[in-house]
Trainee: 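The structure is given below, and queries will be raised subsequently.
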Amino acid sequence: MERRFADVVIELALGDITRVQADAIVTAANSGLRGGGGVDGAVHRAAGPQLLKACRAIGGCDTGSAVITQAYELEERGVAYVIHAVGPVWRGGSSGEAELLKGAYSKSLELADTHECTSVAFPSISTGVYHFPLEQAAPIAVHEAATFAGQRPKHLKRIIFSLFDEKTLGVFSSALEAER
Ligand code: APR
């Protein structure tokens, strides 16, 4: 499924983000940028060990923000950058989780555009081991993407959500349909 907002297409796809061809792919990282399981494990495996070295050199990233590195071995697949976005751990919803999740998406979008990416692929940040409820996370993700599109970014033309299972794809689809 896809929808256009201003000059930008927002697209939903089922599958492994390391297989998506985009100028930048986003991983759901931790604030220590130490690598991990889930999508972060897959991205680190696909990019090779230099990615962790680059993360160590940066040292860390605030929750609700993101940092950008080269894509190393993913460059062979046409990916120029990896964006390491740090979403919040769900603590019940009254610890600023929604704002922090927004920040992880908006900072990633800003980094992609300032690095002249025309396309960027996102996973569903925080809805795995960080347990952010999917029904609340999907509208935030889609709204941040649509809002960024409405600000008419200079370079970005495609925002892809690469979603790993049917349930996540379904909830994102409803959110994208509902987005105004
Ligand atoms: N491609 C796309 N999506 C994936 C992939 C993949 N290869 N692997 C997992 N996912 C999906 C999960 O199914 C989930 O929907 O990504 C979503 C986010 O799940 P997590 O990877 O658990 O991310 P998050 O909840 O943000 O937790 C971040 O997990 O691995 C650690 O270093 C990471 O500590 C950080 C934490």
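Order of listing sets the numbers, starting from 1, for every ligand and every atom in it.
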Trainee: Evaluate the salt bridge (Lys or Arg N to Asp or Glu O under 4.0 Å) criterion for residues Asp7 and Arg152: first the C-alpha distance (whole Å), next the side-chain angles of each, then the deciding distance (0.1 Å), finally the verdict.
Mentor: CA-CA 7 Å; Asp7 286 341; Arg152 300 195 175 267; 3.7 Å; yes
Trainee: Would you check, one step at a time, whether the test side chain to side chain contact (heavy atoms under 4.5 Å, CB included) holds for Phe5 with Ile159?
Mentor: CA-CA 10 Å; Phe5 294 84; Ile159 301 171; over 6 Å; no
Trainee: Specify the protein heavy atom at minimum distance from atom 26 (O) of ligand 1: its residue, its atom name, and the distance to 0.1 Å.
Mentor: Ser126 N, 2.8 Å
Trainee: After noting the C-alpha distance and the side-chain angles of Lys157 and Val8, does the key distance pass the side chain to side chain contact (heavy atoms under 4.5 Å, CB included) rule?
Mentor: CA-CA 4 Å; Lys157 295 283 173 263; Val8 182; 5.6 Å; no
Trainee: Report yes if some N/O of Ala42 lies less than 3.5 Å from some N/O of ligand 1; otherwise report no.
Mentor: no
Trainee: Counting non-hydrogen protein atoms only, what is the nearest one to atom 1 (N) of ligand 1? Give residue, atom name and distance.
Mentor: Ile17 N, 2.9 Å
Trainee: Any N or O on Val39 sitting closer than 3.5 Å to an N or O of ligand 1?
Mentor: yes
Trainee: Check the surroundings of atom CG in Asp62: do more than 12 heavy atoms from other residues, nucleotides or ligands lie under 6.0 Å from it?
Mentor: no
Trainee: Give the minimum heavy-atom separation between Cys55 and His44, together with the two atoms involved.
Mentor: SG-CE1, 4.1 Å
Trainee: Provide, to 0.1 Å, the distance between atom 11 (C) of ligand 1 and the closest protein heavy atom, together with that atom's residue and name.
Mentor: Phe164 CB, 3.8 Å
Trainee: Which atoms of ligand 1 have any heavy atom of Gly36 under 4.0 Å away?
Mentor: 30 (O), 32 (O)
Trainee: Begin from the C-alpha positions of Lys53 and Tyr72 and carry the test side chain to side chain contact (heavy atoms under 4.5 Å, CB included) through to its verdict.
Mentor: CA-CA 11 Å; Lys53 278 193 194 153; Tyr72 303 102; over 6 Å; no
Trainee: Run the numbers for me: atoms of ligand 1, each under 4.0 Å from some heavy atom of Gly15, listed by number.
Mentor: 1 (N), 2 (C)
Trainee: Locate the shortest heavy-atom distance separating Val26 from Ala85; write the atom from each residue and the value.
Mentor: CG1-CB, 3.7 Å
Trainee: When you measure from the heavy atoms of Ser162 to every atom of ligand 1, does any distance fall below 4.0 Å?
Mentor: yes
Trainee: Please confirm whether Gly41 comes within less than 3.5 Å of ligand 1 when only nitrogen or oxygen atoms on both sides are compared.
Mentor: no
Trainee: Below the 3.5 angstrom mark, is there an N/O of Ala29, backbone or side chain, next to an N/O of ligand 1?
Mentor: no
Trainee: Looking only at heavy atoms, which two atoms of Asp113 and Lys154 are closest? And how far apart?
Mentor: OD2-N, 3.2 Å
Trainee: Kindly confirm or rule out an N or O of Thr168 lying under 3.5 angstrom from an N or O of ligand 1.
Mentor: no
Trainee: At what distance is the nearest protein heavy atom to atom 7 (N) of ligand 1, and which residue and atom is it?
Mentor: Asp16 OD1, 2.9 Å
Trainee: Among protein heavy atoms, which sits nearest to atom 29 (O) of ligand 1, and what does the distance come to when rounded to 0.1 Å?
Mentor: Val129 CG2, 3.2 Å
Trainee: Parallel under 30°, tilted from 30 to 60°, perpendicular over 60°: which one fits the rings of Phe172 and Phe161?
Mentor: tilted
Trainee: Looking only at non-hydrogen atoms, which of Gly37, Gly38, Gly35 approaches atom 30 (O) of ligand 1 most closely?
Mentor: Gly37
Trainee: Provide the number and element of each atom of ligand 1 under 4.0 Å from a heavy atom of Asp40.
Mentor: 30 (O), 32 (O), 33 (C)
Trainee: Kindly give the cluster partners of Tyr130, where membership spreads through any ILVMFWY side chain lying under 4.5 Å from a current member.
Mentor: Val89, Val129
Trainee: For ligand 1, which atoms have a heavy atom of Asn30 less than 4.0 angstrom away?
Mentor: 32 (O), 33 (C), 34 (O), 35 (C)
Trainee: Can you report which non-hydrogen protein atom sits closest to atom 19 (O) of ligand 1, along with the distance?
Mentor: Gly128 CA, 3.2 Å
Trainee: Of the protein's non-hydrogen atoms, which lies at the shortest distance from atom 33 (C) of ligand 1, and what is that distance?
Mentor: Ala28 O, 3.4 Å
Trainee: Dump the intermediate steps for side chain to side chain contact (heavy atoms under 4.5 Å, CB included) on Thr18 and Arg77, then the final yes or no.
Mentor: CA-CA 9 Å; Thr18 66; Arg77 298 190 199 160; 4.2 Å; yes
Trainee: Consider ligand 1: state whether an atom of it lies below 4.0 angstrom from any non-hydrogen atom of Thr18.
Mentor: no
Trainee: Tell me: protein heavy atom nearest atom 18 (C) of ligand 1, and distance?
Mentor: Ser124 O, 3.1 Å
Trainee: Rounded to the nearest 0.5 Å, what's the gap from CD1 on Ile140 to CD on Glu135? Could you check?
Mentor: 12.0 Å
